[in-house]
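Read through the structure below, which is laid out as structure tokens, and then see the notes.
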2 protein chains.
Amino acid sequence: MRDVAAAAGVSLMTVSRALREPERLSGETRKAVLDAVRRIGYVPNRIAANLASARSSVVGQIVPSIQNSLYVDTVKGTADVLRAAGMQLMLADSGYSLEEEEALIAAFVAQRVSGLILHNTEHTPRAVEMIRRSGVPVIETGDLARRPVDMSISYSNFNAARAMTLHLAARGYRSIGCVSLVTRVNRRARERQRGYLAALRILKRPPDPRLTMEVGPGMTAGARAMVDMVSRVPGVDAIFFAGDVLAVGALFEAQRRRWAVPGRIAIAGFDDLEILQHAVPRVTCLRLPRLEIGRRSAESLIDRLRGKEERIRLDLGFEVIQREST
Amino acid sequence: MRDVAAAAGVSLMTVSRALREPERLSGETRKAVLDAVRRIGYVPNRIAANLASARSSVVGQIVPSIQNSLYVDTVKGTADVLRAAGMQLMLADSGYSLEEEEALIAAFVAQRVSGLILHNTEHTPRAVEMIRRSGVPVIETGDLARRPVDMSISYSNFNAARAMTLHLAARGYRSIGCVSLVTRVNRRARERQRGYLAALRILKRPPDPRLTMEVGPGMTAGARAMVDMVSRVPGVDAIFFAGDVLAVGALFEAQRRRWAVPGRIAIAGFDDLEILQHAVPRVTCLRLPRLEIGRRSAESLIDRLRGKEERIRLDLGFEVIQREST
DNA sequence: CTGTTAGCGCCTTCAT
DNA sequence: ATGAAGGCGCTAACAG
């Protein structure tokens with residue numbers, strides 16, 4: 001920057017202003033400075049800018065898994081909004097571990113990110129403590145947190161699962177199973193299972209433990225869960241796969257075994273993955289506002305940075321998409 | 001940090017050392033400082049550290065699309081390695097635009113990232129100029145660049161496409177089509193198409209323009225391409241979908257139309273997406289070392305930061321996976 | 001093993 | 001509308 005100032009024959013301050021608030025300078029000075037910038041190929045040092053101004057243009061986002069296409073949509077939403085605002089995204093995945101999440105939060109706070117977007121709604125006490133102390137605004141996106149650390153922008157996993165179960169019942173299915181991810185370590189899975197059970201209560205159907213399964217992630221797990229459940233409860237006529245790509249795995253397995261879907265067994269999924277609307281048959285599922293969650297999260301953080309004090313708790317809802325598989 | 005120093009009764013430097021090179025301090029001092037750190041809940045300011053040391057612990061990565069599951073694997077690889085090294089990842093997508101990529105490179109350079117990982121192997125002249133001037137190490141990962149800006153870690157799109165085409169020919173297919181993404185703006189697509197055509201030359205088969213298609217991304221595009229090609233060239237017996245999820249879309253369309261795969265038409269894909277090995281039939285494709293590319297890229301950057309001068313150009317190869325669809 | 005001195009590159013504040 | 005001084009929080013380089 002010194003070189004630019006020298007080349008343009010002005011002070012450092014003028015260069016700084018030409019870059020940040022060009023309208024405050026006279027036309028000539030501005031032009032002279034910006035020309036010099038271009039000529040020299042000067043790239044400002046944001047690190048120094050951040051240090052001096054005690055602000056940063058970086059937002060940190062932590063998702064459970066970078067590879068999972070579900071989270072990617074939310075990341076895309078935040079990335080788009082941040083880029084438009086000239087800000088950067090720092091991304092990391094916690095591998096579904098709270099301890100890992102804590103370490104990442106520490107790293108992000110050390111980097112002085114100006115905001116955090118966390119998919120998880122559970123955190124270690126130390127993580128919460130760090131967030132509190134640092135004062136960075138935080139948005140939790142994975143579930144509509146009952147009592148968020150700071151802000152929450154999401155949909156309700158509980159409501160969504162309940163709605164899908166009721167939808168299946170309304171279409172005439174008598175014995176509906178639910179396959180979710182392991183609920184012990186995953187609150188979202190837990191909420192979905194609770195939603196399913198809540199629907200059964202509304203329907204006055206007694207829950208059957210053989211119809212409530214928990215499995216690991218992946219297509220193979222979904223396939224196996226379906227086969228297991230059908231063999232143990234031959235009367236089951238619909239299965240709600242409440243997570244991941246379980247429904248896809250189950251559908252392929254059904255094709256392989258030539259089980260008619262939905263004739264022999266109906267299949268419903270959770271997220272509206274692209275495959276689900278192209279598969280044969282097209283798969284009924286929930287549509288969740290993942291991209292929008294990302295966008296709104298970034299926007300809310302930016303609002304906060306600009307001084308808005310509002311602490312948002314936003315339910316962006318969901319939609320049941322009825323297709324051929326149920 | 002001042003508070004910590006005061007609380008522990010030592011100088012700032014000692015606190016700094018206790019955090020960065022604890023082994024150089026005496027046991028008691030170290031303990032006293034670290035206790036104070038914990039008690040106060042001190043989180044070091046990396047921004048200041050970076051400014052002072054003229055180093056940063058952040059690597060920037062730019063992919064064409066965050067949502068595309070292909071790129072995500074590479075991102076995952078870098079994220080894992082960086083995290084293990086206590087570094088952070090800044091991620092952005094260029095939306096397949098060179099201008100956007102240039103803007104992002106400028107932003108990353110301004111953030112003083114200590115390394116860049118670019119998927120693209122084409123860049124605007126100004127982008128290249130900026131990289132050169134800033135001196136940040138760069139790795140290009142999308143294709144084995146003939147003359148990389150700095151380093152290149154990838155596989156050869158040309159070789160991979162040629163190998164698959166030859167593989168199909170070896171399995172007895174007489175009339176092999178190739179569907180790729182639009183080659184004009186996408187060098188990787190171009191290289192794949194060139195590979196396909198090179199294979200035809202080796203096979204001494206004259207290229208048929210009706211068998212070389214270019215389409216947009218997405219399953220629908222793949223489905224439509226297959227139908228088009230088959231209707232225009234009824235004799236086509238195999239189609240190589242050289243990109244994106246085109247093969248998946250085509251497979252579903254074949255199921256829908258009850259075209260036997262591979263009986264009526266054989267289908268081969270490019271990347272080994274999880275779906276391809278679960279679909280019915282399982283789909284022949286190429287396996288590319290995407291995760292490994294990400295890992296090695298991060299590792300090479302870290303090596304460079306530690307003073308290694310070597311400029312790597314690494315071909316991580318590929319594999320043809322023969323399955324039921326061909 | 002620990003402390004002192006200087007400065008990283010920019011922004012804030014105040015002056016002109 | 002522009003400039004000068006001071007400092008953001010930390011670390012490099014040296015000294016003790």
Side-chain angles (χ1 to χ4, degrees), chain A residues 1-34 36-37 40-58 86 106-107 109-114 133-136 305 307, chain B residues 1-34 36-37 40-58 86 106-107 109-114 133-136 305 307:
Chain A
M1 185 151 126
R2 214 175 11 222
D3 301 345
V4 177
V10 295
S11 75
L12 291 177
M13 254 340 284
T14 307
V15 178
S16 175
R17 285 197 186 106
L19 261 24
R20 290 178 304 135
E21 19 182 28
E23 68 285 356
R24 278 192 43 188
L25 295 187
S26 73
E28 316 158 43
T29 336
R30 182 174 48 222
K31 186 171 175 319
V33 173
L34 295 181
V37 165
I40 302 199
Y42 165 72
V43 180
N45 183 335
R46 282 232 184 199
I47 300 252
N50 292 342
L51 180 61
S53 65
R55 271 186 255 112
S56 98
S57 53
V58 179
V109 169
Q111 294 280 356
R112 294 300 187 267
V113 295
S114 57
R133 249 203 277 238
S134 69
V136 282
L305 299 184
Chain B
M1 183 150 127
R2 216 179 6 227
D3 301 344
V4 176
V10 295
S11 75
L12 290 177
M13 238 1 262
T14 307
V15 177
S16 175
R17 285 197 187 107
L19 262 23
R20 289 178 304 136
E21 19 182 26
E23 68 286 355
R24 276 191 44 186
L25 296 187
S26 75
E28 315 158 44
T29 339
R30 181 175 48 221
K31 188 173 175 317
V33 173
L34 295 181
V37 165
I40 301 196
Y42 165 72
V43 180
N45 183 336
R46 283 231 186 200
I47 299 251
N50 292 342
L51 180 61
S53 64
R55 269 184 255 114
S56 99
S57 53
V58 178
V109 169
Q111 294 280 355
R112 294 300 186 265
V113 296
S114 56
R133 248 204 278 238
S134 69
V136 282
L305 300 184

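- Panel note: side chain B:R133, backbone A:V43; no donor-acceptor pair is recorded below 3.5 Å.
- Going from atom CZ of B:R46 over to atom P of D:dC10 covers 12 Å, rounded to whole Å.
- Side-chain to base pairing of A:R17 with D:dG3: one donor and one acceptor N or O lie within less than 3.5 Å of each other.
- Rounded to an integer number of Å, the gap from CG of B:L19 to C1' of C:dT2 is 16 Å.
- Going from atom CG of A:L305 over to atom CZ of A:R55 covers 9.5 Å, rounded to the nearest 0.5 Å.
- The side-chain hydrogen bond (donor to acceptor under 3.5 Å, both in side chains) pairs that include a residue from residues 40-54 of chain A are A:R46-A:S57, where partners are two or more places apart or lie in different chains.
- Atom CD of B:E28 has 12 or fewer heavy atoms from other residues, nucleotides or ligands within 6.0 Å.
- Contact annotation: A:S53 side-chain N/O to C:dC10 OP1/OP2 distance is not under 4.0 Å.
- For D:dC10, the OP1/OP2 oxygens have no side-chain nitrogen or oxygen of B:S16 closer than 4.0 Å.
- The residue among B:L51 and B:L25 whose nearest nucleotide of DNA chain C is located toward the 5' end is B:L25.
- Residue contacts shown for A:A49 are limited to sugar-phosphate atoms, with no base heavy atom under 4.0 Å away.
- Side chains of A:R17 and A:V33 form no contact here, defined as non-hydrogen atoms less than 4.5 Å apart.
- Look at CE on B:M13: it is 13 Å from C1' on D:dA15, rounded to the nearest Å.
- Among C:dC11, C:dG9, D:dA1, the nucleotide with an atom closest to any side-chain atom of A:S26 is D:dA1.
- With B:R30 contributing its side chain and B:P22 its backbone, the two residues share a donor-acceptor pair below 3.5 Å.
- When side chains are defined from C-beta on, A:R20 counts as touching A:S16, because their heavy atoms get closer than 4.5 Å.
- Put simply, the side chain of A:L12 does not reach to within 4.5 Å of the side chain of A:V4, judged on heavy atoms.
- Defining each end axis of the helix from C:dC1-D:dG16 to C:dT16-D:dA1 as the rotation carrying four pairs' C1' atoms onto the next four, with five pairs an end, the two axes are found to diverge by 30° to 10 degrees.
- Close to D:dG3, at under 4.0 Å from its OP1 or OP2, lies a side-chain N or O of A:T14.
- Dashed line: the shortest gap from a side-chain N or O of A:R55 to OP1 or OP2 of C:dT12 is under 4.0 Å.
- Atom CG of B:N50 is separated from atom C1' of C:dG9 by 13 Å (rounded to the nearest Å).
- The phosphate of D:dA4 has neither OP1 nor OP2 within less than 4.0 Å of any side-chain N or O from A:S11.
- Between the CG atom of A:N45 and the P atom of D:dC8 there is a distance of 18 Å, rounded to whole Å.
- Between the CZ atom of B:R112 and the C1' atom of C:dC10 there is a distance of 11 Å, given to the nearest Å.
- With rounding to whole Å, A:Q111 atom CD is found 16 Å from D:dG9 atom P.
- The phosphate of C:dC10 (OP1 or OP2) has a side-chain N or O of A:Y42 nearer than 4.0 angstrom.
- Atom CZ in A:R30 sits roughly 10 Å away from atom P in D:dA1 (whole-Å rounding).
- Within the nucleic acid shown, A:R2 has no heavy atom closer than 4.0 Å to any nucleic acid atom.
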